[in-house]
Amino acid sequence: MQIFHSIAELRSYLRSQRQEGKTIGFVPTMGALHEGHLSLIEASKAQNDLTVCSIFVNPIQFNNPDDLSRYPRTLDADCAMLAPAGCDVVFAPSAEEMYGPAQTSDRSSLSSDGSNPSVAYAKPILKFDFGELERVMEGQFRPGHFNGVGIVVSKLFNIVQPDRTYFGQKDLQQVAVVRRMMIDLGFQIELHPCPTLREADGLAMSSRNRNLTAEERPLASHIFKGLTLAKSLLLSGTPPSEVKQEINLHFGKEPAFRLEYFEIVNAYTLQPIDSQAPEDQTALCIAAYLGKVRLIDNLVF
Ligand code: AMP
């Protein structure tokens, strides 16, 4: 497995691979890898000659500096998981490599990457606006988040130029936003959304789970229980407004949680489903704080 920190070196290596006729699958991540990430690597390996995994904690998609500084960074352990999984290339750039060096003439654009406050980078001035897709849920509660996602993903697509890319349904809104961005910008890349991997108690695997305390961890399955409760209520004909009330009660019973949102939406448009009439691709989406850790999850049916 090859590890690159430099954009130029990665580009040059991938160019030579493409010239040999190899197809490239790409899995963008922020590291602190788990089995969920490895399932994306596996999906890419099954369809491509070469699999590239990027590991980059993208500072411009964090609207909360504490969340950024708490985000786990475990590059050596990540590489130790990726190599036996058959990943061919790891791309782990610094923020400065991705965005260029901070301009001293423009102090307001200086930002730390959280892991090393001495490392500054130039904040991009380009802004993505995903319209209705980002006025709800993550976009509503994390202002600027999808702008940061759009910039980093389009930049990574331009660097890697993959044939196929693999994203987890765990981040349902991210999939919808990236799908739309790829249409609007004309990326010739196949987007493959992949199912959410869960722990035995139903908790969706997430890098943030490792920030849960030993007391909090067993409580975390409350989220998946809420989603399955909501699904069965909807399927038995309960109106969406009543299902929402039930979910508020469900979280009210567990004071360690602070529910941020529970939404019943169309999985593609992300717009709320208000009627009882069953809709194809209904998505139930939750964000909740358990202690200091913000967890998201969803069920699509
Ligand atoms: P992250 O490192 O959290 O940015 O995630 C990188 C990719 O892995 C994203 O496409 C996520 O949706 C995906 N992912 C995260 N958790 C899971 C999971 N439990 N199952 C499947 N994919 C996941």
Side-chain angles (χ1 to χ4, degrees), residues 25-46 51-64 67-68 70-75 77-79 81-82 85 87 90-93 95 98 113-115 137-138 142 145-146 148-157 160 162 164-182 189-212 217 220-221 223-224 227 267 270 283 285-287 293-300:
F26 177 46
V27 180
T29 82
M30 298 204 298
L33 301 184
H34 49 67
E35 293 294 321
H37 295 113
L38 295 188
S39 72
L40 305 184
I41 300 289
E42 213 171 285
S44 169
K45 278 185 64 63
T51 291
V52 179
C53 176
S54 64
I55 297 180
F56 178 57
V57 182
N58 176 30
I60 66 165
Q61 72 184 64
F62 285 78
N63 57 315
N64 175 344
D67 190 22
L68 174 60
R70 265 200 304 271
Y71 204 88
R73 289 164 171 84
T74 58
L75 183 60
D78 292 343
C79 291
M81 285 174 80
L82 287 170
C87 179
V90 173
F91 176 48
M98 276 301 275
D113 77 353
S115 61
M137 304 192 292
E138 293 303 284
R142 302 182 68 188
H145 171 66
F146 288 115
V149 169
I151 288 175
V152 80
V153 171
S154 52
K155 201 153 185 170
L156 287 166
F157 283 173
V160 177
R164 300 179 187 85
T165 187
Y166 301 82
F167 281 76
Q169 286 277 16
K170 156 88 170 29
D171 298 281
L172 180 94
Q173 193 166 6
Q174 174 168 272
V175 170
V177 159
V178 169
R179 181 187 293 119
R180 184 58 203 239
M181 184 189 80
M182 292 172 74
I189 302 169
E190 280 177 27
L191 172 63
H192 291 262
C194 300
T196 301
L197 261 70
R198 300 181 178 281
E199 304 287 356
D201 66 353
L203 173 65
M205 290 181 185
S206 165
S207 306
R208 288 188 166 86
N209 293 352
R210 60 181 86 191
N211 288 341
L212 294 169
R217 173 60 191 86
S221 61
I223 294 180
F224 186 62
L227 288 170
L270 306 180
C285 303
I286 283 183
V293 183
R294 187 174 184 279
L295 299 170
I296 62 169
D297 198 355
N298 65 78
L299 268 189
V300 182

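Scope of the values below: all heavy atoms of this structure, side chains included, with no hydrogens, waters or symmetry mates. Both ligands and their constituent atoms are indexed starting at 1 by order of listing.
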Just list the N/O pairs, ligand 1 to protein, that are under 3.5 Å apart, with the distance for each.
| unit_1 | atom_1 | unit_2 | atom_2 | d |
| --- | --- | --- | --- | --- |
| ligand 1 | 2 (O) | M30 | N | 2.9 |
| ligand 1 | 2 (O) | H37 | NE2 | 3.0 |
| ligand 1 | 5 (O) | H37 | NE2 | 3.3 |
| ligand 1 | 10 (O) | G168 | N | 2.8 |
| ligand 1 | 12 (O) | G168 | N | 3.2 |
| ligand 1 | 12 (O) | G168 | O | 3.1 |
| ligand 1 | 12 (O) | D171 | OD2 | 2.6 |
| ligand 1 | 16 (N) | M205 | O | 3.4 |
| ligand 1 | 19 (N) | L197 | O | 2.9 |
| ligand 1 | 19 (N) | M205 | O | 2.9 |
| ligand 1 | 20 (N) | L197 | N | 2.8 |

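Within 6.0 Å of atom CD in E199, more than 12 heavy atoms from other residues, nucleotides or ligands are found, so the atom counts as buried in its surroundings. Shown here is R180, whose CZ atom has no more than 12 heavy atoms of other residues, nucleotides or ligands within 6.0 Å.
D171 meets the salt bridge (Lys or Arg N to Asp or Glu O under 4.0 Å) test with no other residue; sequence neighbours excluded. Applying the side-chain hydrogen bond (donor to acceptor under 3.5 Å, both in side chains) test to D67 and every residue at least two apart in sequence or in another chain returns R208. Among residues two or more places apart in sequence or in another chain, the ring pair (Phe, Tyr, Trp, His ring centres under 6.0 Å) test is passed with H34 by H37.
A centroid separation of 6.0 Å or more is found between the aromatic rings of F26 and Y166.
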